[in-house]
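Below: the structure, in structure tokens.
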There are 2 protein chains.
Amino acid sequence: MDELEQLDRIKYYRSYEAGQTLIWSGDPMDFVGSVVTGIATLTQTMEDGRTQMVGLLLPSDFVGRPGRDSSAYNVVATTDIVMCCFRKKPFEEMMVRTPHIAQRLLEMTLDELDAAREWMLVLGRKTAREKIASLIAIIARRDAALSMQGMRGPLVFDLPLTREAMADYLGLTLETVSRQVSALKKDGVISLEGKRRVTIPDFNRLLEEAGDDSDGGMLI
Amino acid sequence: MDELEQLDRIKYYRSYEAGQTLIWSGDPMDFVGSVVTGIATLTQTMEDGRTQMVGLLLPSDFVGRPGRDSSAYNVVATTDIVMCCFRKKPFEEMMVRTPHIAQRLLEMTLDELDAAREWMLVLGRKTAREKIASLIAIIARRDAALSMQGMRGPLVFDLPLTREAMADYLGLTLETVSRQVSALKKDGVISLEGKRRVTIPDFNRLLEEAGDDSDGGMLI
DNA sequence: TTCGTATCTTGATCTGGGTCAAGGCTCAGG
DNA sequence: CCTGAGCCTTGACCCAGATCAAGATACGAA
């Protein structure tokens, strides 16, 4: 396809190490891009240091905003990460010429908006235990989608986030995260191998703990 | 412009009374549209009745999602409201033919996503007092933009939300909302005439109370 | 006018999660 | 082997905001 060729011509790759900040809030940003491998987070910070994660970037997720030239958030690599980037100017020009791209971006942005709104319910109304269960369910679902294993049988995967990052995602402290993870483990909702590797024996049980009606989630 | 003419041809108006639910979560939705006058809210509800507002629709805001045929949220009229609607099918066909529309929608969706992320910080990390101040600041700013009065001098406007709706927006109880509104009034950050009409003598003071750095907000 | 309903305020008390503090585990580097 | 730095867990205590309860205010209908 012609437009793919054109995109190919202006793309380039960048890699970053775990812990590195790719972009600071307010910084000028002359590229857009998408995650190839690894995980990054979008965070907002108040002057006194309180921080809230507002997005979790997994492979294939898009970063950047056409038509704005500074980032509104910090973008931080959680693991080593490879990004596929396009300089913003040529990308925007292409967007004008090839409507497909804008339509695809619209799709993706609407999905992100849905996810953000789902997250608002978690942040505003769920208990600490429900928040943890919700986060684990989301990661499990995305992981299952990526690794092509279905949702049957026990799910096994690694938590890509530290307790602190989970706390920032959920509007909790890291101590509360730790306590609630322990509690879910004690109650047999999850089991742990080391601190990061999680097994979910019964996904519906987890969804109940998350306060979700146990079928709303199957739309992957 | 030709495309505007075409849009004109497929549009129609609907009005609803305050309190009416326009759309139930999960309902089929065969139109998209935008608010002409009045105010509506998007809400999510858990089985046990906990509810979280995830969007506030003011005049000019868009409702509905091209490429999906059921709503993910309840849409409820807060005041009497008039909507301008397009049947989804012809609207989607037009979107394919006229790239402008997708680009414009992308713009708007990105703005909503930014607002949602801003709100995640409020929900996850702010205190009750900061939440109230944030909400009042947002409403004040949108109102000032609509009514064309600048941000100089005292701002006066009506709160379009009940205490309960404010609580649902902020992840609080209505009692806490009431107490914090009273506290902000006692401290001179706002003053009230009746229960709804608000005067803000010093907008920067309000932003301080909201925990925002006092200039980040001026980008209207 | 009285009544009823919806909305809001305020007080008293309780509690989930925050805060502070003290270790424990793991692994890289010396 | 030991040491130190990150990360995680657990305990003790505290407090912001939830919950429970009792009116107050406003207003339209009878």
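Proteins come first, then strands; the chains are lettered A, B, ... in the order of their sequence lines, and each starts at number 1. Please read these numbers as outputs of a predicted model, since none were measured by experiment.
When only modelled atom types and interatomic distance are considered, A:Tyr12 and A:Arg14 share no side-chain donor-acceptor pair under 3.5 Å. In this structure, a donor-acceptor pair under 3.5 Å is absent between the side chains of B:Lys185 and B:Ser191. If you check the side chains of B:Ser71 and B:Asp27, you find no donor sitting under 3.5 Å from an acceptor.
Residues A:Ala18 and A:Thr78 approach most closely at CB-O, 3.7 Å, considering heavy atoms.
Residue-to-nucleotide proximity on DNA chain D shows that, of A:Glu164 and A:Arg125, the 5′-proximal contact is made by A:Glu164. Judged by closest nucleotide on DNA chain C, A:Gly171 is the one of A:Lys195 and A:Gly171 placed further toward the 5' end.
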**Message:** Let's go through A:Arg205 and A:Asp187 carefully: what are the C-alpha distance in whole Å and the side-chain angles of both, what is the deciding distance for salt bridge (charged side-chain N to carboxylate O under 4.0 Å, His left out) to 0.1 Å, and is it a yes or a no?
**Reply:** CA-CA 11 Å; A:Arg205 171 78 194 287; A:Asp187 297 346; 5.5 Å; no
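For C:dT7, neither phosphate oxygen OP1 nor OP2 lies less than 4.0 angstrom from any side-chain nitrogen or oxygen of B:Arg196.
Against DNA chain C, the stretch residues 172-188 of chain B makes heavy-atom approaches under 4.0 Å through B:Leu174, B:Glu175, B:Ser178, B:Arg179, B:Ser182.
Here B:Arg65 pairs with A:Asp111 in a salt bridge; the nearest charged N to carboxylate O distance falls below 4.0 Å. Between B:Lys131 and B:Glu209 no salt bridge is recorded (no basic side-chain N to carboxylate O distance below 4.0 Å). A salt bridge is absent between A:Glu107 and B:Arg68; no separation between the charged side-chain nitrogens and carboxylate oxygens falls under 4.0 Å.
Within 4.0 Å (heavy atoms only), A:Gly19 reaches no atom of the nucleic acid at all.
When B:Thr45, B:Thr43, B:Asp168 are each tested for a side-chain hydrogen bond (donor to acceptor under 3.5 Å, both in side chains) with B:Thr51, only one passes: B:Asp168.
In the helix from C:dT1-D:dA30 to C:dG30-D:dC1, the terminal helix axes, each the rotation mapping four pairs' C1' atoms onto the next four within five end pairs, subtend 20°, rounded to 10°.
You can see that DNA chain D meets the heavy atoms of chain A within a 4.0 Å-exclusive cut from D:dC8 to D:dA12, reading 5' to 3'.
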